[in-house]
Number of protein chains: 2
Amino acid sequence: MKRESKTQYALLGILTQCEMSGYEIKKFIEESLGFFWNESFGQIYPTLKALETDRLVSATEIVSQENTKSKIVYKITKQGIVELKKWLEGSTSKSTLRNEFLLKLFFARNIDSKKLMEMINEEETRNLDDLKIFQSIKLNLNEEHKKHPDHRYWIFTLDYGIDCAKMTLKWLSKIKKEISNLS
Amino acid sequence: MKRESKTQYALLGILTQCEMSGYEIKKFIEESLGFFWNESFGQIYPTLKALETDRLVSATEIVSQENTKSKIVYKITKQGIVELKKWLEGSTSKSTLRNEFLLKLFFARNIDSKKLMEMINEEETRNLDDLKIFQSIKLNLNEEHKKHPDHRYWIFTLDYGIDCAKMTLKWLSKIKKEISNLS
DNA sequence: TCGCCCATGTAACCGGTTACATGATTTG
DNA sequence: CAAATCATGTAACCGGTTACATGGGCGA
């Protein structure tokens, strides 16, 4: 069984928005997919070059003007869209998830009870912060990008983040109660 | 910033249960941590050896008897427990999550609507299957291992899986409705 | 001038999976 | 007898991050 990186498809998908440089793609990922996907420059730049040699994207150098610096923008080609659709409509492999917090909780018998509470409180804060961010992004999305062709799908993924954070918060408060009742 | 594999801590944590061979550790992971952690033999065996040279575990060869095959069982040492606790009570880094389903959904404008529905239905089935498995494990855990010192923590992590699957199912049915209403 | 952001790139490294080899024992 | 499971191990490979280099522009 061979593995195949999904980085290429992430980049192709992003380039269905508009043409972008590697640097802009990185920013887009951080701002939009950050909570369920990420890529480093060490992946983005070489993958863009590989996509270009495969003719799935085309590169154009934008030369330095006043107020702008030179950059290389990439545009998805027809073949690129074909390849993207193949992946989109193909089977989805479940990602190998590794949750360090759950792993620690599984072994929590070995944690000092005070430290355990601290750990859970930190997780609570993290999720509360995430929730706030997601909700403010959703507000902004509904105000400024309502007409964007991808708007509904962006809301779908964002709602997942919101529901996930809310569920986790409920679960955390539940286990906090049980731990304080019984220890 | 250096990275440090968590595999060693996962193994140390598991060995707080009882002494086990590499093979048994693998089975334990699959049966108990499977939905939020996994390790391959290619990691387990070399890591066990490294833990042994660091004196965090001790190895004993169980020679072949009638009905049993020879195997090497590993036992956590006092230093091992110290190192485990250091990790447990240290800071928890959030794992880099990559959710292929969400990535596809984010780009779903490029998916044929019938195929999109199929994709969502598959995700629904996957979550329903997971939920059933988690619930049966929970039943079994409450019947057979109620007295186990780790019982409550096992239930906590399991409950997370259950709540997560339920939340995802709700969210999936919500987006299904919205897609069928508006397309 | 200093630090920050824009912008591109790559080499070294690491963590992990896959695929294989070996061989015993058990089960259908 | 074949297939599955028990049991250990490793080499090749891959995907990804980190850390670095380079250099221009811009604001404090």
Side-chain angles (χ1 to χ4, degrees), chain A residues 1-11 19-31 33-34 36-53 57 59-74 93-100 103, chain B residues 1-11 19-31 33-34 36-53 57 59-74 93-100 103:
Chain A
M1 202 191 305
K2 271 180 196 167
R3 284 168 294 168
E4 208 184 329
S5 173
K6 268 78 189 182
T7 296
Q8 43 176 331
Y9 302 115
L11 301 189
E19 46 182 66
M20 270 185 240
S21 68
Y23 194 83
E24 288 164 342
I25 287 171
K26 181 82 198 306
K27 272 211 305 180
F28 185 85
I29 290 171
E30 277 166 8
E31 288 164 7
L33 316 173
F36 64 88
W37 204 266
N38 67 314
E39 297 288 352
S40 61
F41 284 126
Q43 288 280 97
I44 292 171
Y45 286 115
T47 304
L48 282 172
K49 292 224 163 163
L51 288 173
E52 201 204 347
T53 55
V57 302
T60 314
E61 201 185 342
I62 307 286
V63 283
S64 179
Q65 311 278 31
E66 296 161 46
N67 301 330
T68 52
K69 273 161 260 177
S70 5
K71 59 181 174 179
I72 304 158
V73 293
Y74 293 87
S93 58
K94 66 171 197 303
S95 48
T96 29
L97 21 95
R98 277 190 150 196
N99 187 321
E100 194 179 351
L103 189 64
Chain B
M1 199 192 305
K2 271 180 197 167
R3 284 168 294 169
E4 209 185 329
S5 172
K6 269 79 189 180
T7 297
Q8 44 178 328
Y9 302 115
L11 301 189
E19 48 183 64
M20 269 186 243
S21 68
Y23 194 85
E24 288 162 343
I25 287 172
K26 180 83 196 307
K27 273 211 306 180
F28 185 85
I29 290 172
E30 278 165 8
E31 287 164 8
L33 317 171
F36 63 88
W37 204 267
N38 67 313
E39 297 290 351
S40 60
F41 284 126
Q43 287 281 100
I44 293 171
Y45 286 115
T47 304
L48 283 172
K49 291 223 163 162
L51 288 172
E52 200 203 347
T53 56
V57 302
T60 314
E61 202 186 342
I62 308 287
V63 284
S64 180
Q65 310 278 34
E66 293 161 49
N67 302 329
T68 54
K69 273 161 260 178
S70 8
K71 59 182 175 179
I72 304 157
V73 293
Y74 293 87
S93 58
K94 66 171 194 303
S95 48
T96 29
L97 21 95
R98 277 190 149 196
N99 186 322
E100 194 180 353
L103 188 64

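In what follows, every chain begins at residue 1, and chains take the letters A, B, ... in the order their sequences are listed. Quick note: numbers below take in every heavy atom, side chains included, and nothing from hydrogens, waters or symmetry partners.
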Any side-chain N or O of [X] less than 4.0 Å from the OP1 or OP2 oxygen of [N]?
X: A:Asn38; N: D:dT17; result: yes
X: A:Ser5; N: D:dC14; result: no
X: A:Thr96; N: C:dG16; result: no

A:Glu52 meets the salt bridge (charged side-chain N to carboxylate O under 4.0 Å, His left out) criterion, sequence neighbours left out, with none
Using salt bridge (charged side-chain N to carboxylate O under 4.0 Å, His left out) as the criterion, list what pairs up with B:Glu19, not counting sequence neighbours.
-> none
Who are the side-chain hydrogen bond (donor to acceptor under 3.5 Å, both in side chains) partners of B:Lys26, not counting sequence neighbours?
-> B:Glu30
By side-chain hydrogen bond (donor to acceptor under 3.5 Å, both in side chains), which residues pair with B:Tyr23, not counting sequence neighbours?
-> none
Contact class for B:Lys27 vs. all strands (heavy atom < 4.0 Å): base, sugar-phosphate, or nothing?
-> sugar-phosphate
Want to settle it: does B:Arg98 or B:Ser21 sit nearer the 5' end of DNA chain D, counting the closest nucleotide to each?
-> B:Ser21
Nearest-angstrom distance from the residue atom [atom1] of [X] to [atom2] of [N]:
X: B:Ile44; N: C:dG15; atom1: CD1; atom2: P; value: 16 Å
X: B:Glu31; N: D:dT5; atom1: CD; atom2: C1'; value: 13 Å
X: B:Glu24; N: D:dC6; atom1: CD; atom2: P; value: 10 Å
X: B:Lys26; N: D:dT8; atom1: NZ; atom2: C1'; value: 13 Å
X: A:Tyr9; N: D:dG16; atom1: OH; atom2: C1'; value: 17 Å
X: B:Glu30; N: C:dT17; atom1: CD; atom2: C1'; value: 14 Å
X: A:Gln8; N: D:dG15; atom1: CD; atom2: P; value: 9 Å
X: A:Glu4; N: C:dG16; atom1: CD; atom2: C1'; value: 18 Å

Can you list the steps and then say if A:Glu61 with A:Ser70 is a side chain to side chain donor-acceptor pair (under 3.5 Å)?
-> CA-CA 7 Å; A:Glu61 201 185 342; A:Ser70 5; 5.0 Å; no
Counting side-chain heavy atoms from C-beta on, which of C:dG15, D:dC6, C:dT17 comes nearest to B:Ser40?
-> C:dT17
Salt bridge (Lys or Arg N to Asp or Glu O under 4.0 Å) between B:Lys71 and B:Glu24: does it pass, once the steps are laid out?
-> CA-CA 10 Å; B:Lys71 59 182 175 179; B:Glu24 288 162 343; 2.5 Å; yes
Can you tell me which residue pairs pass the side-chain hydrogen bond (donor to acceptor under 3.5 Å, both in side chains) test with a partner in residues 39-50 of chain A, sequence neighbours excluded?
-> A:Thr7-A:Glu39, A:Thr7-A:Gln43, A:Trp37-A:Glu39, A:Glu39-B:Arg98
Please list each protein N or O that sits under 3.5 Å from an N or O in nucleotides 9-12 of chain C, with the distance.
from, atom 1, to, atom 2, distance (Å)
C:dG9, OP1, A:Lys49, NZ, 3.3

